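Everything on this sheet refers to the single structure shown next.
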Amino acid sequence: MACCCLLLFSGILPAQMLPDWLSARVELVRGQVLACPRERAEGLAVTLKEGRIEGRLARLSLDLTCSRSGGSGAEGESDALSLLLTLPPIDFQVEELTLYLPTGQVSGAAELRHDRQHLEIAWQTGAGEVCLLLQPEQQGWRWQGTVPGAVVLPELAQVLTLSGGWQPGQELRLSADGALPAPLAGHWQLSLAASQGERGWQLLPSSRLRIPRLRWQRLELRDIEARPVGSQPLDGPWRGELAWTGGRWQQQSLPAARLQVEAAGRDSLQGNLELLLNDALRLGGRWRYDEGLAVTVPAQPLPLAGLWQWLSGWQALPVGLEPTAGNLVLSLTAPDLLDGTRPIELGLALQDGRIGYRDMLAEQVAARLQLELRQGSLHTVGANGLTIDSLDIGVPITEIRAAVRLQQGWPWLSGLTARVFDGRLALSPMALTTTPGGEVHFSDISLAQVLSHAAVSGLSGSGRLHGRLPFSFERGFSVTGGRAYSDHGWISYQAGEQLLATGESNLSLGLTLGLLSDLRYDRLEAEISMAADGEAVIDSRLRGQAPVMGRMHPVNFNYHHQENLLQLLASLRFARDISERLPAGLQGESE
């Protein structure tokens, strides 16, 4: 009987050759590999009954990290996981299988299907079944199989595929891939390399986590690659970098960027992060992973000029617009990025802005925009607004105030008002896109101040102007279909001596100069248009009374004027600047 058992358990004699009446049982209370103290077997029992061989183990412990010092151990111990090789080549039911990993261990009931130099493990864990095929190779092992994602991370619901290998004194290699945890969408591929040294197991810089495309709510990032910064301990603080080549937010393209993350503390579940837009633009914050992934970016300023330059590298911006001073202050609070039902708060504030358009200038620009990301959509929260102390376009515009809200994915200005020439400006609601457009309404504009500012010698007048200017900002500022009107005013043009002398010999010119010397209008109307290069056309019509032969007579006066308004406004600004800088004595002499 003993001979038959030895032949049977050594695998020399197939079980199907044994008679059904033969039965036997072999038990082993405890077995251990001396070179690897954590590898042991307890409660081993092999039973032959009715021609069938059954193997059972109460407990089996395997150590994937134990080295045999180049094969110098006792016979049967020169290979990794040598305890498996000493088991008979039959199937075993294991009540508790423990696998020691470079970091931590996992346990559960399992079934071992042992086929000489190959071992298949069907392992029942709380997260599902682990299926691994282990094969000895060069005093080490190669493995491949499938693992429930929750065994690695509770948020990973899908099955992972694994492959890799390890030999004593060499790097441990592991490849894995799977689907990203909800609410993220996409697939990842992991290529991990680790080595064991004096300080324990270290994650090597050649390790990579790649995600071809990640989608989260309305965000999409492409070609994401994560890597450790230098060698990292598997059981302590770590530092890594996450980079992507581009992406989209809704319909808006996003540029390449890098995110550096480091973990601190005993649990390595919290630490710092820094977003690098470029070498000069960086945002720092903190993260924490306990009941979710929380991220906080405290309020911090970014130079507006540098941010504008960065945006211009990948985004179409309004032509000619250029910030020269100021800071944009950003902040972010996310209680859990992985929970799409919890809102994310985002704060934007512009401070001390100075923005030019060609040679026009807006000074002391300030804005505030508080946003909340809910269910993939951005919403404005609380009171938000824009203020500009002065806008110098050649005509002084002051006290600019507006409310700001988010609508259709863009910031919108609404309720904008301003003061100019003792009158008021109001802007229709306008989206602040890369090519904004809208309509300016003006009322109670002092005609006397307009004519005085134009500084045309001999020209004066009185009245109040009202109207609208539809505009667009595409390849420059332009006006189409603008209209202005005024009721009950007067215009006077007192020509110089040389022009009056010419009018004495030119009947038409003389009549016109006479009418304009004291034109009292009942109605003034004008149609205004301006191209993006500043070339403007103004067609005016005046209806009223003017002196003819010493008496006031009804008149209709039409006037067509064409001029580059941007150049005119620039010359007005230049003349004003010179006047402000010249000493008073010289100004008097120039007059």
Side-chain angles (χ1 to χ4, degrees), residues 218 249-252 299-302 304 307-308 311 315 317-318 321-323 325-333 343-357 360-393 395-445 466-474 477 479 482:
R218 299 187 182 183
W249 169 259
Q250 297 180 348
Q251 301 302 315
Q252 178 63 52
Q300 53 200 282
L302 292 176
L304 184 60
L307 188 61
W308 191 263
L311 287 170
Q315 178 62 270
L317 298 176
L321 204 63
E322 183 179 2
N327 290 315
L328 185 66
V329 181
L330 291 93
S331 64
L332 182 143
T333 302
I344 298 173
E345 297 177 2
L346 177 65
L348 303 171
L350 176 60
Q351 299 175 340
D352 302 323
R354 194 168 186 264
I355 303 173
Y357 172 68
M360 305 177 190
L361 187 64
E363 295 192 271
Q364 290 301 308
V365 183
R368 180 182 183 272
L369 188 60
Q370 290 294 123
L371 303 173
E372 190 174 80
L373 180 62
R374 302 193 303 268
Q375 303 292 332
S377 297
L378 280 172
H379 304 272
T380 313
V381 178
N384 300 277
L386 167 73
T387 63
I388 304 175
D389 283 1
S390 66
L391 173 60
D392 184 1
I393 65 171
V395 171
I397 303 175
T398 60
E399 300 178 26
I400 301 172
R401 304 288 185 270
V404 182
R405 72 179 190 278
L406 202 68
Q407 181 177 324
Q408 300 172 354
W410 293 97
W412 279 68
L413 290 180
S414 60
L416 186 146
T417 61
R419 302 286 299 178
V420 61
F421 293 141
D422 282 346
R424 295 183 297 276
L425 297 180
L427 178 69
S428 61
M430 181 183 74
L432 294 178
T433 66
T434 57
T435 56
E439 189 169 274
V440 174
H441 296 259
F442 53 92
S443 60
D444 291 323
I445 303 297
H466 313 267
R468 60 184 181 86
L469 295 175
F471 68 89
S472 63
F473 209 136
E474 187 172 355
F477 184 84
V479 175

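In this text, all values refer to a predicted model and were calculated from it rather than measured experimentally. Along the sequence shown, the residues carry numbers beginning at 1. Both backbone and side-chain heavy atoms feed into the values below; hydrogens, waters and symmetry mates do not.
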Taking [Y]'s backbone N and O only, do any of them form a donor-acceptor pair with [X]'s side chain (distance below 3.5 Å, no angle check)?
X      : Y      : result
Trp308 : Leu321 : yes
Asp392 : Met360 : no
Trp412 : Gln407 : yes
Arg405 : Ala383 : no
Thr435 : Glu474 : no

Return the minimal non-hydrogen interatomic distance between [X] and [Y], and the atom names on each side.
X      : Y      : result
Thr433 : Pro436 : O-CD, 3.3 Å
Val381 : Leu371 : CG2-C, 4.2 Å
Asn384 : Arg368 : CB-O, 3.1 Å
Ala299 : Val329 : CB-CG1, 3.9 Å
Ala367 : Leu386 : CB-CD1, 3.9 Å
Met430 : Gly438 : SD-N, 4.4 Å

Tell me whether Gln370 at atom CD has more than 12 heavy atoms from other residues, nucleotides or ligands lying less than 6.0 Å away.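 Yes.
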Would you call [X] and [Y] a side-chain contact if the rule is heavy atoms closer than 4.5 Å?
X      : Y      : result
Leu373 : Leu346 : no
Leu413 : Leu432 : yes
Val404 : Thr380 : no
Arg218 : Ser377 : yes
Leu302 : Leu330 : yes
Leu425 : Ile397 : yes

According to ring pair (Phe, Tyr, Trp, His ring centres under 6.0 Å), who are the partners of Phe473, at least two apart in sequence or on a separate chain?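 Result, ring pair (Phe, Tyr, Trp, His ring centres under 6.0 Å) vs Phe473: Tyr357.
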Not counting sequence neighbours, which residues clear ring pair (Phe, Tyr, Trp, His ring centres under 6.0 Å) with His441? List them please.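 Partners of His441 under the ring pair (Phe, Tyr, Trp, His ring centres under 6.0 Å) test: none.
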Under the criterion side chain to side chain contact (heavy atoms under 4.5 Å, CB included), I'd like the reasoning laid out for Ile400 against Leu391: C-alpha separation, chi angles, the key distance, then a yes or no. CA-CA 8 Å; Ile400 301 172; Leu391 173 60; 3.7 Å; yes
Once salt bridge (Lys or Arg N to Asp or Glu O under 4.0 Å) is applied, do any residues pair with Arg468, and if so which ones, sequence neighbours excluded?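 So Arg468 forms a salt bridge (Lys or Arg N to Asp or Glu O under 4.0 Å) with Glu439.
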Who are the side chain to side chain donor-acceptor pair (under 3.5 Å) partners of Glu363, not counting sequence neighbours?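 Scan of Glu363 (side chain to side chain donor-acceptor pair (under 3.5 Å), adjacent residues dropped) gives Arg354.
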Who passes side chain to side chain donor-acceptor pair (under 3.5 Å) against Asp422, sequence neighbours left out?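 Asp422 satisfies side chain to side chain donor-acceptor pair (under 3.5 Å) with Gln449 once adjacent residues are dropped.
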List for me each residue that meets side chain to side chain contact (heavy atoms under 4.5 Å, CB included) alongside Ser472, sequence neighbours excluded, and say none if there are none.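 Residues passing side chain to side chain contact (heavy atoms under 4.5 Å, CB included) with Ser472: Ser478.
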